Amino acid sequence: QLKLVESGGGLVQPGGSLRLSCVASGRTFTRYIMGWFRQAPGKERGFVAATTRSGDITYYADSVKGRFTISRDNARNTVYLQMDSLKPEDTAVYYCAAGIRGLYYNIVEGYDYWGQGTQVTVSS
């Protein structure tokens, strides 16, 4: 079983920045592609960003491209999401996810393990 624990959420003003972290434990971290998803109230969980096992390739939803950066530190079993130029519409619970198959990086079904989520609120 792979355990994922997110941190770094909070309240930030529009235009501000936050960095989310997700620490993995229990299995070999480098076996998994890693992704970030988010879910706003009344909406389905949606793809934000993902990275390959080595971290050399990254993918982003169009809505965050150019503002968010995903990265991973395999020595620390950690994946990050740097969020800049935040907008009120970025408000959501953000979830870290790990997928062993690595086939479908941008859908919920492509992942096998999930964290508990961390709240990000963008408001003045």
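Computed from a prediction, not measured in an experiment: that's the story for all the values here.
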Nearest 0.5 Å, please: how far is [atom2] in [Y] from [atom1] in [X]?
| X | Y | atom1 | atom2 | value |
| --- | --- | --- | --- | --- |
| R27 | D112 | CZ | CG | 10.0 Å |
| R72 | T58 | CZ | OG1 | 12.0 Å |
| N77 | S25 | CG | OG | 8.0 Å |
| I70 | M34 | CD1 | CE | 7.5 Å |
| R101 | E109 | CZ | CD | 9.0 Å |
| L2 | R31 | CG | CZ | 9.5 Å |

* Can you check whether F47 and Y105 have ring centres sitting under 6.0 Å from each other? -> yes
* To do: Please find out if less than 6.0 Å separates the ring center of Y95 from that of F37.
  => no
* Asked: Would you call E89 and V122 a side-chain contact if the rule is heavy atoms closer than 4.5 Å?
  -> no
* Does Y59 reach the side chain of T51, with side-chain heavy atoms less than 4.5 Å apart? -> no
* To do: Check whether the side chains of D73 and T78 place a donor and an acceptor atom closer than 3.5 Å, and report yes or no.
  => no
Are [X] and [Y] linked, directly or through other ILVMFWY residues, by side chains that come within less than 4.5 angstrom of each other?
| X | Y | answer |
| --- | --- | --- |
| L18 | V64 | yes |
| L4 | I33 | no |
| W114 | W36 | no |

* C96 and V79: which non-hydrogen atoms are nearest, and at how many Å? -> SG-CG1, 3.8 Å
Please check: side-chain N/O of [X] versus main-chain N/O of [Y], any donor-acceptor pairing under 3.5 Å?
| X | Y | value |
| --- | --- | --- |
| T121 | T91 | no |
| Q39 | G46 | no |
| Q13 | S124 | no |
| R67 | Q82 | no |

* K65 bridged to D62 by N-O distance under 4.0 Å -> yes
* Asked: Does Y80 have R19 sitting over its ring (NZ/CZ under 6.0 Å from centre, angle to axis within 45°)?
  -> yes
